[in-house]
Structures are given as C-alpha cells and as structure tokens.
There are 2 protein chains.
Amino acid sequence: MAPKIKDVAKKAGVSVTTVSRVLNGEKYVKDELKLKVKHAIDELGYAPSHIARSLVRKKTDLIGVIVPDLTSSFYSTILSSIEETASLNDYNLLVCNIIEDIDKELKYLNVFKQMRVDGIIIMHEKLSDEIRSLLNKLEVPVIFSSVKPIDQKFISLIIDDYQAAYDATNYLIELGHERIAFIGGDMRDITSGQNRYVGYRNALTNNHVKIIYDYIKFGDYKMQKGYDLMKEILACEPRPTAVFAVSDDMAVGAMNCVHDHQLKVPDDISIIGFDGSQLTELVRPRLTSMEQPIHEMGKLTVETLIQLIEDQEGSPEEDLILGHKLVVRDSCKVNKKEA
Amino acid sequence: MAPKIKDVAKKAGVSVTTVSRVLNGEKYVKDELKLKVKHAIDELGYAPSHIARSLVRKKTDLIGVIVPDLTSSFYSTILSSIEETASLNDYNLLVCNIIEDIDKELKYLNVFKQMRVDGIIIMHEKLSDEIRSLLNKLEVPVIFSSVKPIDQKFISLIIDDYQAAYDATNYLIELGHERIAFIGGDMRDITSGQNRYVGYRNALTNNHVKIIYDYIKFGDYKMQKGYDLMKEILACEPRPTAVFAVSDDMAVGAMNCVHDHQLKVPDDISIIGFDGSQLTELVRPRLTSMEQPIHEMGKLTVETLIQLIEDQEGSPEEDLILGHKLVVRDSCKVNKKEA
DNA sequence: CTGAAAGCGCTAACAC
DNA sequence: GTGTTAGCGCTTTCAG
C-alpha cells in the first residue's frame with residue numbers, strides 16, 4: 001500500500017541505490033538526480049520504512065525505558081527530560097511503566113530484546129534474580145538513572161545519596177532541632193533506602209543528637225505512605241520538632257497529615273523533603289527539599305547511554321555522581337529551644 | 001551476534017519453518033519436535049527479531065502517543081492508564097512529549113509513519129494545517145483522547161465538556177455564589193477552551209447570575225497561569241466569592257495565590273477545579289473538582305484504537321462520550337449572603 | 001505434519 | 001557518479 005523505495009526509483013527514473021543515497025544524505029549524487037528523487041518522494045508521500053532499515057543496519061534508534069511510576073512527580077519529570085534529550089538525538093522511546101510488577105518488567109525486558117532496542121534505561125533498583133540474569137545476557141548497553149543497584153556491572157547516574165541525606169539532616173540540626181524524625185524509603189533499595197538512612201543516622205550521631213527509634217519509619221516514597229507514617233510519628237510523646245522525608249511525595253503526605261491534625265508546618269513541625277520535584281513549589285507552605293538535578297540527570301542519562309551505544313571514545317566506564325543542592329523554602333524553621 | 005531462527009533450527013535439527021511454527025503457536029507440529037525446538041531456544045537464549053517479523057507481517061504492535069506535557073498530573077495519569085492497557089494487549093508505546101512544539105510534533109508524526117506504527121493516540125487539539133494534512137494522508141487509525149479537534153474525521157474519546165463546565169458552575173451557584181470568576185483554557189481549543197467557557201456562561205445566564213467580564217480570564221491549563229490569573233482576579237473590586245478553573249493545575253495555582261494573599265480557601269473564596277487529577281487529594285484544602293474518568297478514558301482509548309487497528313466488527317465509528325462527575329472535597333463552601 | 005524457497009523494504013558491497 | 005545484487009531475520013505459500 002504505502003509507497004516503497006522501488007516506487008520512488010521508478011518515478012524518478014533512477015535506481016533504488018540512488019534513492020537510498022539521497023535518503024541518507026550521501027554526497028556522490030548529481031544535483032539533478034537528487035532533485036528528481038526529492039520530487040518523486042514528495043509526490044508519492046514516501047516515508048522510508050524504519051523497520052526495513054533497522055533490519056539491515058542492525059540499529060533501531062530505539063531506547064527502552066523502565067519507569068517505576070509514571071504518575072510520580074519525580075519520575076514524570078525525569079522522563080520528560082529523557083524524552084527531550086532522546087528526541088534531540090533522534091532516538092525514540094519505548095516506555096514501560098512497572099508498578100512493582102516483576103512479571104511486567106520481565107515481559108518488557110524481553111520485548112526490548114525482541115525489538116532490538118539500542119539501549120535501556122532503568123530507574124529502579126529492586127532487581128530480581130531473573131531480571132539480573134536477563135540483563136547480563138543482553139548485548140546492549142544498560143544504564144541506571146537515579147539509582148545504583150548493588151552488584152551490577154552497569155553504569156549509574158546518581159547523586160551522593162548518603163551525603164545528601166546527611167546534609168539534609170544536618171540542616172535541621174543547624175536550625176536547632178534535636179528531635180528529628182525520619183520517613184525513609186525501602187531498605188531493600190541501596191541508593192534511596194539504605195544510603196539515605198545511614199546519612200540521616202550519621203548526621204545525628206556526629207552531632208551528638210540522640211537517635212530515637214520511634215521516630216524512624218520506612219515506606220515506599222509515595223504520598224499516602226508519607227501520610228500514614230506521619231500519623232504514627234505524631235502519636236509519639238514527645239513529638240519530634242522536625243521530619244526528614246526521603247521523597248517529596250512522602251514529605252507532602254506528611255505535611256498533609258500535620259495539617260489534618262490541626263498542626264502547622266513549620267510552626268509546630270519542620271519538614272524537609274528530597275528530590276526537588278515540582279511538588280515543592282505546588283504546596284503551601286512551599287517545601288524545603290534536598291534536590292537532585294532532575295533535568296540534568298535525565299539529559300546526562302540519555303547522552304551517556306548514546307555514547308555507550310555509539311561506542312564513542314571517552315564513553316565513561318564509571319558511575320556519574322551529580323551534585324545535590326539544598327533548596328530552602330518555607331517548610332522548615334528555627335527550633336525555639338524549650339526553657 | 002544474537003542467535004537467529006536459523007541457529008535454532010540447526011540446533012534442533014529441524015527447518016526454520018518448524019521453528020517459526022512453534023514460535024507462533026501453530027498446531028501442526030509434533031510434540032516431540034516442539035520440545036526439541038523449545039530446548040534449542042532456551043539454550044541459545046534466542047529471542048525472535050520483532051523487526052524482521054514486523055517487516056513481513058506488516059504490523060509492528062506499536063502505538064504512537066503524542067502527549068502535550070508529561071509533567072502535568074492529568075496527562076501523566078492518563079498516559080499511565082494507556083500504557084497499562086496497551087501492555088495488557090501486547091502493544092508497545094512510542095511516546096512523544098510535545099510542549100507546544102509544532103516542529104517536534106511534525107517530526108514525531110513522521111517518525112511514527114516511518115516506524116509504521118499500527119495506530120496513533122493524540123491528546124491535544126491545536127492541530128496545525130501541516131499536521132492535519134499529514135494525519136489525513138496517514139493510513140493508520142488515529143484516535144483523540146480527552147479532546148476533539150474541530151473538523152476531523154477521527155474518533156475522539158471525551159466527556160461532555162460543555163455540560164461538565166455547566167454543572168461545575170451550577171454547583172457554585174447552588175452554594176449561593178453570585179460573583180463567580182472563571183479561569184479558562186485556551187480559546188483556540190474547542191473542547192477544553194470554548195466548550196467549558198460556554199458551559200460556564202450558560203450556567204450563569206440560565207440562573208440569572210450577572211456575567212462580569214473582569215472575572216473572566218483565559219490561560220493554558222498550567223499551575224503558574226492559574227496563579228497569575230488569580231492575582232488579577234483578586235485585584236477586582238468587589239472580589240468574587242468563587243472561582244471555577246478549567247484544570248486542577250490552574251485551580252491549585254489559584255489556591256496558592258489566594259493563600260499567598262493571606263486569604264483562605266474556602267472561607268474567603270471557594271475554588272472548584274476540573275479533571276480529577278491526583279492533585280485534588282494532594283493539596284490542602286483538598287480540591288473539589290469536576291472529574292473526568294481519567295483511568296477509564298485511557299483504557300478505552302487504547303481498546304478502541306486496537307479495535308480499529310484490528311478492524312474488528314463493531315469498531316465504533318463515532319465519538320465516545322464518557323460521564324463526568326462532581327467530586328466534592330473541601331475547597332468550596334456555602335456563600336453567606338451579605339446583609 | 002514438515003521443508004524449500006520466495007519475498008517483506010531497505011542498505012551496502014561491488015562492479016561499471 | 002550510478003546501478004546490480006546479495007542479504008538483514010523472519011513468515012508464508014506451496015509441495016511433499
């Protein structure tokens with residue numbers, strides 16, 4: 001149905017090779033023929049089949065992306081940046097949204113394999129054994145963005161989660177807080193679970209602030225969980241004066257919980273988030289957060305992956321650690337010491 | 001490098017045809033051979049090339065999706081639903097995020113064409129002439145989700161935007177409000193711009209509520225715009241007692257503006273949003289909103305498109321109108337009449 | 001039930 | 001500069 005290269009060749013009175021040549025912008029074609037071919041293409045509304053081209057070139061210009069949750073503000077923003085950069089480099093995205101669904105992830109990884117994607121971006125770190133082994137057998141570059149799964153040969157783009165969590169906690173301590181609660185992630189996650197937790201703990205310890213285990217909770221990075229855990233925290237006697245949540249979503253959940261208990265942020269309780277998602281500016285009070293360079297992270301993820309794909313010189317062989325940054329907004333305040 | 005069907009055939013001691021047959025689950029293969037082939041596949045870690053298969057079958061199982069803004073809560077949610085449904089039906093998504101970028105849209109549409117996607121989902125209605133003509137020449141099904149561009153032969157999945165806006169406005173009127181501001185969309189958009197505006201106006205007119213043009217603003221559905229427009233609205237004398245914003249994002253922007261002016265929602269001003277995105281539950285006070293069935297809309301969009309692709313009997317030939325629903329939360333209250 | 005062979009639409013040697 | 005031709009890895013007649 002759709003016109004093929006042969007049709008164009010016939011119409012222009014040249015060989016398919018010549019058509020292919022003008023399509024691929026090669027030099028050795030007389031201007032006159034080039035024009036003829038272009039006319040034929042326009043008249044026929046011809047678009048070369050990327051499928052056929054991929055088959056012979058053994059390159060699909062496709063990048064497979066595995067996102068844990070499209071509806072999270074962090075992931076949708078980083079995906080947006082990934083998409084932008086990919087498009088700029090003439091790569092296309094095959095997107096898979098896995099919601100803690102191992103089977104779906106496995107299925108998609110196989111789809112990626114069958115689709116012969118040129119590279120894969122993964123944004124979570126709870127890799128099942130099956131996934132790991134599949135990944136290791138894959139012949140295409142894989143890159144992790146915002147996470148670093150343990151025991152993997154692949155490159156990660158991350159911030160120093162330990163230090164970022166340390167700095168966030170330290171900020172609360174500097175504000176004079178001594179009862180600081182922690183709403184953590186999933187301890188099966190090294191990057192966003194363990195590292196951030198250890199950062200929190202070490203900041204307390206190094207500053208001789210007492211660790212109170214009732215103040216320490218673990219969740220799943222989602223708003224609802226932040227809300228629920230905050231409820232537990234508010235039940236503690238005495239109440240903490242500050243909370244560090246390891247995702248903005250959980251921080252907002254915590255803020256809402258505080259609000260629903262007729263307490264005020266930051267007057268009664270200071271809250272600091274983590275990620276630097278859009279949420280920070282969207283809530284009131286605006287959320288102070290330890291920010292990841294989300295946009296840059298997405299961009300660099302794709303650029304690095306493309307380097308790997310195209311095997312350019314100087315493709316990095318090690319993780320890229322980006323800088324984190326504390327952005328102070330309105331959700332934390334100085335703790336007035338009790339008399 | 002990667003094993004091909006020929007390798008499997010050799011290893012199993014059968015012909016490629018037989019391998020192809022077991023791959024495609026055909027019946028007429030002796031169980032014994034079937035087993036042999038399966039073993040060979042496992043041993044080799046063989047995954048059939050979807051590329052090659054697409055070429056001969058003239059079907060890619062690919063759906064191209066054009067989203068206006070991945071970071072918006074509405075679109076990321078509907079995309080999530082689209083992705084889920086597509087995956088369930090063994091289709092894969094090629095995602096394009098166009099941020100009011102006509103060139104990018106055109107480029108992607110051409111990519112879709114070259115990729116030979118089986119169908120296309122579009123979620124905005126500002127179609128340039130060039131886009132329109134390209135769309136019309138395309139030989140694959142196209143479907144619009146949540147919008148209905150004027151003068152298009154393609155099917156749309158929408159709610160009755162006029163009636164939904166009418167009902168939203170009416171709700172405010174029933175609460176006793178008489179000075180009701182409107183934060184609208186882009187009037188170049190029929191569905192979400194004009195229809196919602198006319199719904200608002202007619203609700204006022206039919207209830208003999210005076211239309212005050214200073215209260216009527218138009219924007220772009222984004223939070224920041226809601227904030228800015230609300231600022232203008234707050235400058236009016238007298239101030240309105242209620243505001244209808246045609247997206248939750250703008251409604252939240254408006255709420256934040258009210259907050260930043262030391263006023264209270266809903267005590268000083270009632271605000272109702274539109275869409276039913278996650279934001280509604282995320283802000284305080286929680287946002288009352290005229291909701292679209294986002295999840296269902298995404299699901300039905302894909303299911304309908306697949307019907308069209310597979311040309312099943314009973315594929316709809318007309319728009320599908322889904323139901324809207326007012327969900328009352330905490331951002332609107334009864335207007336106490338002035339003495 | 002099974003296999004040989006033609007071709008899907010394109011690119012890339014290789015000749016001319 | 002330009003054309004011929006052999007595949008890319010698969011499915012699908014068509015024989016057997």
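Numbers restart at 1 for each chain; the letters A, B, ... are given by sequence-line order, proteins then strands.
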Legend entry - Residues forming a salt bridge (charged side-chain N to carboxylate O under 4.0 Å, His left out) with B/Glu303, sequence neighbours excluded: B/Lys299
Inset, instruction - Nearest whole angstrom, please: distance from the P of C/dT11 to the CD1 of A/Ile51. - result: 13 Å
Inset, instruction - Could you tell me the separation between the NZ atom of A/Lys59 and the C1' atom of D/dG9, rounded to a whole number of Å? - result: 19 Å
Legend entry - Residue pair A/Tyr221, A/Ser72: steps toward the side chain to side chain donor-acceptor pair (under 3.5 Å) verdict: CA-CA 9 Å; A/Tyr221 315 102; A/Ser72 118; over 6 Å; no
Legend entry - Non-neighbouring partners of B/Arg132 that pass salt bridge (charged side-chain N to carboxylate O under 4.0 Å, His left out), sequence neighbours left out: none
Inset, instruction - For the side chain of A/Ser49, starting at C-beta, report the closest nucleotide among D/dT12, C/dT11, C/dG9. - result: C/dG9
Inset, instruction - State, to the nearest 10°, the angle formed by the axis through the first five base pairs of the helix from C/dC1-D/dG16 to C/dC16-D/dG1 and the axis through its last five. - result: 40°
Legend entry - Nucleic acid contacts - residues 33-48 of chain A versus DNA chain C, non-hydrogen atoms under 4.0 Å: A/Tyr46, A/Pro48
Inset, instruction - Nearest whole angstrom, please: distance from the P of D/dT12 to the CG of B/Leu23. - result: 12 Å
Legend entry - A/Arg57 side chain near C/dT11 phosphate (N/O to OP1/OP2, under 4.0 Å): no
Legend entry - Length of the line joining B/Arg116:CZ and C/dG9:C1', which is rounded to integer Å: 8 Å
Legend entry - With sequence neighbours excluded, residues passing side chain to side chain donor-acceptor pair (under 3.5 Å) with B/Thr304: none
Inset, instruction - Nearest whole angstrom, please: distance from the P of C/dG9 to the CG of A/Asp7. - result: 9 Å
Inset, instruction - Can you tell me which residue pairs pass the salt bridge (Lys or Arg N to Asp or Glu O under 4.0 Å) test with a partner in residues 63-83 of chain B, sequence neighbours excluded? - result: A/Lys104-B/Glu83
Validation: residues 137-149 of chain B side-chain donor-acceptor distances under 3.5 Å, sequence neighbours left out:
| from | atom 1 | to | atom 2 | distance (Å) |
| --- | --- | --- | --- | --- |
| B/Ser145 | OG | B/Thr301 | OG1 | 2.7 |
| B/Lys148 | NZ | B/Asp319 | OD2 | 3.1 |

Inset, instruction - Among residues two or more places apart or on two chains, list those pairs meeting salt bridge (Lys or Arg N to Asp or Glu O under 4.0 Å) that have a residue in residues 120-129 of chain A. - result: A/Lys126-A/Asp186, A/Lys126-A/Asp189
Inset, instruction - Return yes if some donor-acceptor pair links the side-chain N/O of A/Thr18 with the main-chain N/O of A/Val14 below 3.5 Å, else return no. - result: no
Legend entry - Qualifying residues under side-chain contact (heavy atoms from CB on, under 4.5 Å), relative to B/Asp61, sequence neighbours excluded: B/His50, B/Lys59, B/Tyr91, B/Asp118
Inset, instruction - With sequence neighbours excluded, give me every salt bridge (Lys or Arg N to Asp or Glu O under 4.0 Å) pair touching residues 48-57 of chain A. - result: none
N/O contacts under 3.5 Å, protein versus nucleotides 4-8 of chain D?
| from | atom 1 | to | atom 2 | distance (Å) |
| --- | --- | --- | --- | --- |
| D/dT4 | O4 | A/Thr17 | OG1 | 2.6 |
| D/dC8 | O3' | A/Lys58 | NZ | 2.9 |

Legend entry - Interatomic distance where CG belongs to A/Asn24 and C1' belongs to C/dT11 [whole Å]: 8 Å
Legend entry - d(NZ, A/Lys6; P, C/dG7) in whole Å: 9 Å
Inset, instruction - Find the distance A/Lys10:NZ to D/dG3:P and express it as a whole number of Å. - result: 15 Å
Inset, instruction - Please figure out whether B/Gly13 or A/Ile5 has its closest DNA chain C nucleotide nearer the 5' end. - result: B/Gly13
Inset, instruction - Kindly state each residue pair satisfying side-chain hydrogen bond (donor to acceptor under 3.5 Å, both in side chains) with at least one member in residues 32-42 of chain B, sequence neighbours excluded. - result: none
